Amino acid sequence: DHQIAEEVQEGGSIAGIHELLGAHNYEEAFRLVHTAKGMSLNMGLSKLTQVTSDLCEELRGGKPDKPIDDMITKVEEEFERVKGVISQLP
């Protein structure tokens with residue numbers, strides 16, 4: 001779907017995660033990641049689905065029980081990889 005591809009190109013749903021976590025707005029951060037997970041699942045992007053799912057589960061229920069910086073990095077790196085692939089499409 002062209003609209004979903006454009007959303008990924010623009011940074012996807014994960015773009016505001018740092019601001020939300022910095023403000024301790026874990027509920028909204030969870031929603032952002034959950035949306036990104038659904039988008040990646042709908043597009044059949046298994047790696048992005050996995051890393052967003054892992055982060056989503058850590059954010060479920062509020063403040064994470066463990067550091068999530070590595071998870072966020074993995075999600076951002078995978079978004080970048082997907083954006084690169086999409087930018088090569090005709």
Side-chain angles (χ1 to χ4, degrees):
D1 181 79
H2 195 282
Q3 182 180 4
I4 294 173
E6 285 179 7
E7 185 176 340
V8 171
Q9 280 292 93
E10 292 169 4
S13 301
I14 204 68
I17 190 75
H18 293 286
E19 183 178 327
L20 291 169
L21 292 174
H24 304 288
N25 190 344
Y26 300 110
E27 185 177 331
E28 196 60 33
F30 170 79
R31 284 191 197 133
L32 268 177
V33 176
H34 192 266
T35 299
K37 180 178 83 168
M39 180 188 69
S40 61
L41 185 62
N42 287 337
M43 291 180 69
L45 302 169
S46 57
K47 174 79 174 170
L48 187 55
T49 299
Q50 183 59 54
V51 295
T52 53
S53 181
D54 291 345
L55 181 55
C56 194
E57 289 310 307
E58 264 318 300
L59 291 170
R60 188 180 301 279
K63 186 176 180 180
D65 295 329
K66 62 184 182 182
I68 58 172
D69 292 342
D70 287 347
M71 289 181 180
I72 293 170
T73 298
K74 287 178 184 177
V75 169
E76 290 173 329
E77 287 173 351
E78 189 58 19
F79 257 104
E80 287 302 313
R81 188 189 73 74
V82 169
K83 284 169 53 174
V85 170
I86 289 172
S87 72
Q88 301 299 314
L89 297 175

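No experiment lies behind these values; they were computed from the predicted model shown.
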Visitor: Looking at residues at least two apart in the chain, or sitting in another chain, which of them share a side chain to side chain donor-acceptor pair (under 3.5 Å) with E57?
Guide: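 With sequence neighbours excluded, E57 shows a side chain to side chain donor-acceptor pair (under 3.5 Å) to R60, given in chain and number order.
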
Visitor: Side chain to side chain donor-acceptor pair (under 3.5 Å) with E77: which residues, sequence neighbours excluded?
Guide: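 For E77, no residue satisfies side chain to side chain donor-acceptor pair (under 3.5 Å) once neighbours in sequence are set aside.
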
Visitor: The criterion is side chain to side chain donor-acceptor pair (under 3.5 Å); which residues satisfy it with N25, sequence neighbours excluded?
Guide: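 Once residues adjacent in sequence are excluded, N25 has no partner under the side chain to side chain donor-acceptor pair (under 3.5 Å) criterion.
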
Visitor: For R81, check salt bridge (charged side-chain N to carboxylate O under 4.0 Å, His left out) against everything at least two apart and list the hits.
Guide: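 Testing R81 for salt bridge (charged side-chain N to carboxylate O under 4.0 Å, His left out), a comparison that skips the adjacent residues, returns E78.
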
Visitor: According to a 4.5 Å side-chain heavy-atom criterion applied to Ile, Leu, Val, Met, Phe, Trp and Tyr, with indirect links allowed, do V82 and L41 form part of one hydrophobic cluster?
Guide: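 Per the 4.5 Å side-chain linkage, V82 and L41 are not co-clustered.
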
Visitor: Can you pull the ring-ring contact (aromatic ring centres under 6.0 Å, His included) pairs that have at least one residue in residues 34-63, sequence neighbours excluded?
Guide: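 As it turns out, the ring-ring contact (aromatic ring centres under 6.0 Å, His included) pairs with a partner in residues 34-63, which skip direct neighbours, are F30-H34.
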
Visitor: Do you know which two heavy atoms are closest between V75 and L48, and how far apart they sit?
Guide: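 In terms of heavy atoms, the two residues are closest at O-CD1, 4.1 Å.
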
Visitor: Any salt bridge (charged side-chain N to carboxylate O under 4.0 Å, His left out) pairs touching residues 36-56, not counting sequence neighbours?
Guide: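 Every pair satisfying salt bridge (charged side-chain N to carboxylate O under 4.0 Å, His left out) with a residue in residues 36-56: there are none.
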
Visitor: Spell out, yes or no, whether M43 and V33 are grouped together once hydrophobic residues are joined by side-chain heavy atoms under 4.5 Å, including indirect joins.
Guide: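 Both belong to a single hydrophobic cluster.
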
Visitor: Who passes side chain to side chain donor-acceptor pair (under 3.5 Å) against E58, sequence neighbours left out?
Guide: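 With neighbours one apart ignored, the set is empty.
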
Visitor: Sequence neighbours excluded, which residues qualify as salt bridge (charged side-chain N to carboxylate O under 4.0 Å, His left out) partners of E19?
Guide: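 For E19, no residue satisfies salt bridge (charged side-chain N to carboxylate O under 4.0 Å, His left out) once neighbours in sequence are set aside.
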
Visitor: Please tell me if the side chains of I68 and L21 come closer than 4.5 Å, counting only heavy atoms from C-beta onward.
Guide: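 Sidechains of L21 and I68: in contact.
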
Visitor: Within a strict 4.5 Å, meaning less than it, do heavy atoms of the F79 and S40 side chains meet?
Guide: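 Contact flag for F79/S40 side chains = no.
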
